[in-house]
Amino acid sequence: MLEMLPYPSGKLHMGHVRNYAIGDALARYMWMRGYNVLHPMGWDAFGLPAENAALKAGRDPYEWTFSNIAHMKSQMQRLGFALDWNREIASCEPEYYRWNQWFFLKMFERGLAYRKEALLNWCPECATVLANEQVVNGCCWRHETTPVEQRAMQQWFLKTTAYAAELLNDIKELESGWPERVLAMQRNWIGRSEGAEVDFSLPGSAEKIRVFTTRIDTIYGATCVILAPEHPLVKELVTGEAERLEIKEMIDAAARQDLGNLEKIGFFSGRYAIHPFDGREVPIWIANFVLLGYGTGAIMAVPAHDERDFEFCRAYGIPVVPVIRPVDGPLADGDTMAEPYVEYGIVENSGEWSGLPSAEARKKMAAFASAHGFGTEAVTYRIKDWGISRQRYWGTPIPIVYCPRCGAVPVPEEDLPVRLPLGLKITGQGESPLKRVPSFMNVACPKCGEPGTRESDTMDTFVDSSWYFYRYCDPRNDTAPFDSAIVARWFPIDQYIGGITHAILHLIYSRFWTKVMRDLGLITNNEPAKNLFTQGMVLKDGSAMSKSKGNVVDPDDMVDKYGADTCRLYTLFAAPPEKDMDWNESSVEGQHRFLTRLFRFITCNAGRPGDGGSRDGDRQGLRKLHHTMRKITNDFDSRWHFNTSIAALMELLNELYQLEARLSTKAMNEICNCVTLLLAPFAPYTAQDLWETLGHEGPVFRQPWPMFDPELAKEELAEIPVQVNGKLRGHIQAPFGSSKEELQRVVLANEKVKPFVQGKQIVKVVLVPDRLVNIVVK
RNA sequence: GCCCGGGUGGCGAAAUAGGCAGACGCAAAGGACUUAAAAUCCUUUUCGCCGCAAGGCGAGUGCGGGUUCAAGUCCCGCCCCGGGCACCA
């Protein structure tokens, strides 16, 4: 049982409470069912807010983080979450992050960690680089109104693209246990696209322009080749100073604006490329809508059959040449067509391929290109390598030393961890804070011993959370990240629970890390978690709770006012766990009322002397009890709709108050015991208290889960609704398994039903055994 | 634009395999207890119509069609809301 570990921001919020209340109910239920449950907790303790606190309040990030951890831990304990604190980890401790560094070195050895200069997203507000995943609508994910800028920097990358195909294919393994929504988002993020790469050669040069296309069948309609402004060849093709400025402006403008509705602009480079199929010379353009980061950073423009190319070419007067016609129609006229024809069809005006259907032409033309050495079938992914460098202090130092002679040298394993120096003054200026710590920076090259300098950037905190759950299995290991044999016993995670917000970032990095660890021979599982559950958000007045909106409900206040059990019960009752829920305080009081009512019932009736019961009352009480046990067990075993489980307990209690005087001592005791056990996963404090009141000892959640007896849960008579022409007209009671003839006789004799049937012809009698009778009359 | 969710009383919701729509809770109204209040308990509460009343009749799950003895649930076509992706060649 694993819930996503929190960032120690200071206080728990209601989203945490909900997440952990769900997980805790399940963990307790599984214990009671006799499973050996590992239910750990830790802290995603590196990150920007610690530095911001240092900046704003002068707090030391280390001290700030650990005082937050202490507070949040006490909150969790107060809420009564049954967590194994012996396995607690905090990612900012060297005992933990040294293994981040160790993994980095392993990836470096295998070429999975590399350094390159790249244009990266720079948030002026954070003064740091952002991962693509952290850019929302062209703005920073933390400063949603701050546009991201482009800067070229030397950055460390992890080669997630090396696992792109596997990350996509293995989604199959997750289909039964992960929400379809999350898988869809991941598929989309990985973005596999099948097509071909084709070279357009440059006259009088060895250079070629390689383009990626999914529609090689349209290649005879290519009327120009377009390069992304950042494309390396642009520097060679464009020599004029004015043009170069224009390109620079294009890049900056693209970075400033929302990419979606950027106007397509471009210009002719003055050069031509040779069409590989028909040898035509086509002009080379440079345009802002071609992305360097996707495919080859260059395209062939086929305006007749692509919407973007059409828009661009029409705007710049580049010819439109249709080469695909609909299966049942003629070829369009390029000069007059108002929109491109983007469907598949029949290839025309394309030399020997004319007459072929698109699908066939795609394969054959790619094979031809391949055979003649100017192209190949190709698969492109949208997912990019993971840039992990952050110009930040409060993160894992990247274990690299730069030596003037040897270059980037990995720190030897035995020298790990590269410790983060403590007691630093944070200024919030752009460069990495570590640069200003000479005792950290200056170090001998591990290879040649000459003076070198350390890498001053730290790792993205998503690194910390990519593998933390493995560490829970063996949290104090100081010779390896964990013992593989111990991990093999527990993994994969049976149930992971967390917010939908992590559907791509954390969950895709974790999957990547798992695959890398598997290839390192550390683990045997292919995926980190068999089952994933994403709980809904906790809202207040229809929007997410946030300090800026001033609508935050503090769990501490709730616990002070109503107690932990009420707080937990409410988060489980207000909505099914996967749905967003709106916080409603008066509804919280309802849960409190229920708990007091239940408490009163049991304390008043526990060990009640005498035997005032009746056979009938006992039977009715036990029937309702077993019915409730069946309902709740069922909810736990299938879809976790604890709102209905709690409603069932309420129903039971309502009925018990009706039956109170008619229950024997024996039945009453059994009922009180079982109700207490049924309550235990949701409201552990109250349940424990009641358990002791009932004269028992020891933890209530170490008791076996009360299993229902199907016979006892059964009603004696079935209450069967009777319809006439599909409209409800009455009810009858009949023994279970009554025959059609019997039922029909009873139904037709029924006073309520008679008037609707009399004088009419019975066409048909529909009978669902024990459930419904419908008489069709004319 | 594409891909996911979702739309049921005044509100949160329930109806798990096509079979009694609105369980359970909140809020509201009335009543009991109380000097009073709180707490607690009881009653009413989808809408419209008929009835002094017990009760009865009709409509009703975003809209329009369809399948079926029977549709909140299945099919077709729309509308609205939320989320994700969005020049991905």
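Heavy atoms only: backbone and side chains are in, while hydrogens, waters and symmetry mates are out. Convention: sequence-line order gives letters A, B, ...; per-chain numbering from 1. These numbers were taken from a predicted model, which means no experiment stands behind them.
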Can you check nucleotides 48-51 of chain B for protein contacts, nitrogen or oxygen pairs under 3.5 Å, and list what you find?
none

Decide yes or no on salt bridge (charged side-chain N to carboxylate O under 4.0 Å, His left out) for A:Arg181 and A:Glu578, but give the supporting numbers first. CA-CA 12 Å; A:Arg181 182 154 70 123; A:Glu578 74 279 5; over 6 Å; no

Sub-4.0 Å heavy-atom contacts from residues 296-303 of chain A onto RNA chain B, ordered by number: A:Ile299

Is there a side-chain contact between A:Val290 and A:Asn288 (heavy atoms, below 4.5 Å)? no

Quantified in whole Å, what is the P atom distance between nucleotide B:rU61 and nucleotide B:rG10? 13 Å

Between A:Tyr657 (side chain only) and A:Arg597 (backbone N and O only), is there a donor and an acceptor less than 3.5 Å apart? yes

Mind checking A:Gly191 for me? I need base, sugar-phosphate or nothing, with any heavy atom below 4.0 Å counting as a touch. nothing

So, under a plain 3.5 Å distance rule, would you say the side chain of A:Asn774 forms a donor-acceptor pair with the base of B:rC69? yes

For nucleotides 56-61 of chain B, tabulate all protein N/O to nucleotide N/O atom pairs closer than 3.5 Å, reporting atom names and distance.
from	atom 1	to	atom 2	distance (Å)
B:rG58	OP2	A:Arg729	NH1	3.3

Taking C-beta and beyond as the side chain, do A:Val777 and A:Asn725 meet within less than 4.5 Å on heavy atoms? yes

Partner set under salt bridge (charged side-chain N to carboxylate O under 4.0 Å, His left out) for A:Glu585, not counting sequence neighbours: A:Lys561

Side-chain (A:Thr644) to main-chain (A:His641) donor-acceptor, under 3.5 angstrom: yes

Ion pair check, A:Arg314 and A:Glu339, cut-off under 4.0 Å: no

Look at A:Arg382 and B:rA86 and indicate whether a side-chain polar atom (N or O) is within less than 4.0 Å of OP1 or OP2. yes

Kindly say whether the aromatic ring centers of A:Phe636 and A:Phe642 come within a distance under 6.0 Å. yes

Report the stems of RNA chain B as range-with-range entries sorted by first number; a stem here is at least three consecutive pairs, Watson-Crick or G-U wobble, both distances under 3.5 Å, and write none if there are none. B:1-7 with B:79-85, B:10-12 with B:24-26, B:28-32 with B:40-44, B:46-50 with B:55-59, B:62-66 with B:74-78

Residue A:Arg181, side-chain heavy atoms: nucleotide from B:rA27, B:rC87, B:rG83 that is nearest: B:rG83

May I ask you to verify if any side-chain N or O of A:Arg593 is less than 4.0 angstrom from the OP1 or OP2 atom of B:rA27? yes

A:Asp385 side chain vs A:Phe157 backbone, donor-acceptor pair below 3.5 Å: no

Going by number, which of residues 216-227 of chain A have a non-hydrogen atom under 4.0 Å from RNA chain B? none

Taking the same atom, P, in B:rG64 and in B:rU73, what whole-Å distance lies between them? 13 Å

Please report the C-alpha distance between A:Asp637 and A:Tyr29 in whole Å, then the side-chain angles of each, then the deciding distance to 0.1 Å, and finally whether the side chain to side chain donor-acceptor pair (under 3.5 Å) criterion is met. CA-CA 10 Å; A:Asp637 291 343; A:Tyr29 170 73; 2.8 Å; yes

Any side-chain donor near an acceptor of the partner, A:Arg568 and A:Gln591, under 3.5 Å: no

Over all strands shown, is A:Val211 touching base, sugar-phosphate only, or nothing at heavy-atom distances under 4.0 angstrom? nothing

Would you tabulate the nitrogen or oxygen pairs shorter than 3.5 Å linking the protein to nucleotides 9-11 of chain B?
none

Take a 6.0 Å sphere around NZ of A:Lys264 and say whether it holds more than 12 heavy atoms from other residues, nucleotides or ligands. yes

Main chain of A:Leu572, side chain of A:Arg18: is a donor-acceptor contact present, judged purely on distance under 3.5 Å? no

Nearest-nucleotide check on RNA chain B, A:Ile646 vs A:Ala228; residue mapping nearer the 5' end is A:Ile646

Could you go through the salt bridge (charged side-chain N to carboxylate O under 4.0 Å, His left out) check for A:Lys624 and A:Glu651 one step at a time? CA-CA 9 Å; A:Lys624 188 69 182 176; A:Glu651 258 184 89; 3.3 Å; yes

Side-chain donor-acceptor pairs under 3.5 Å in residues 217-226 of chain A, sequence neighbours left out?
from	atom 1	to	atom 2	distance (Å)
A:Asp217	OD1	A:Arg215	NE	3.0
A:Asp217	OD2	A:Arg215	NE	3.3
A:Asp217	OD2	A:Arg215	NH2	3.0
A:Asp217	OD2	A:Ser358	OG	3.0
A:Thr218	OG1	A:Arg215	O	2.7
A:Thr223	OG1	A:Pro319	O	2.9

Mind telling me if B:rG9 is syn or anti? Syn here is a glycosidic angle within 90° of 0. syn

For B:rA17, does the O4'-C1'-N9-C4 (purine) or O4'-C1'-N1-C2 (pyrimidine) torsion place it in syn, i.e. within 90° of 0, or in anti? syn

Listed partners of A:Thr566 passing side chain to side chain donor-acceptor pair (under 3.5 Å), at least two apart: A:His592

Indicate, with a heavy-atom threshold strictly under 4.0 Å, whether A:Gln723 touches base, sugar-phosphate, or nothing. base

Which residues share a side chain to side chain donor-acceptor pair (under 3.5 Å) with A:Gln620, sequence neighbours left out: none

According to side chain to side chain donor-acceptor pair (under 3.5 Å), who are the partners of A:Ser645, at least two apart in sequence or on a separate chain? A:Asp635

Side-chain N or O of A:Lys764 versus OP1/OP2 of B:rC69: is the shortest distance under 4.0 Å? yes

Is the shortest side-chain N/O distance from A:Arg597 to OP1 or OP2 of B:rC41 below 4.0 Å? yes

Sort me out a list of protein N/O and nucleotides 13-16 of chain B N/O pairs below 3.5 Å, or just none if empty.
from	atom 1	to	atom 2	distance (Å)
B:rA13	OP1	A:Lys579	NZ	3.3
B:rA13	O3'	A:Asn643	ND2	3.4
B:rA14	OP1	A:Asn643	ND2	3.0
B:rA15	OP1	A:Arg639	NH2	2.2
B:rU16	O4	A:Lys631	NZ	2.3

On RNA chain B, nearest-nucleotide positions of A:Ile720 versus A:Gln591: which is more 5'? A:Ile720

